[in-house]
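For reference, the structure is listed below as structure tokens.
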Amino acid sequence: MTQAVTYQRETKSVPFQGKTIVLESLTPVLSPKEKEQRKKEIERRLYDVFSKYGDRFH
């Protein structure tokens, strides 16, 4: 069963082309173990992509 993920919200108002735009960033609140698992998964997927297409980034 999947746990509900809670998020930390960060809101910032910034001027853009004469208007004020509100930017909202949501960051998942994870346990240290979950953070490490996600980090490893992201690193593995990035490795897969760069292994496959790395020659295009030179």
| task | Only counting residues at least two apart or in another chain, list the ones meeting side chain to side chain contact (heavy atoms under 4.5 Å, CB included) with T6. | result | V29
| note | Residues passing the side chain to side chain contact (heavy atoms under 4.5 Å, CB included) test with K39, sequence neighbours excluded, are E36, E43
| Pairs involving residues 6-28, ordered by first then second residue, that meet salt bridge (charged side-chain N to carboxylate O under 4.0 Å, His left out) (sequence neighbours left out) | R9-E24
| query | For V22, which fellow cluster members are found when Ile, Leu, Val, Met, Phe, Trp and Tyr are connected by side-chain heavy-atom distances below 4.5 angstrom, either directly or through intermediates? | reply | none
| field | Contacts of Y7 that satisfy side chain to side chain contact (heavy atoms under 4.5 Å, CB included) - sequence neighbours left out | value | V5, L26, P28
| Listed partners of R45 passing side chain to side chain contact (heavy atoms under 4.5 Å, CB included), at least two apart | E41
| field | Any side-chain heavy-atom pair of R44 and D48 under 4.5 Å | value | yes
| Would Y47 and Y53 show up in the same hydrophobic cluster when neighbours are defined by side-chain heavy atoms closer than 4.5 Å? | no
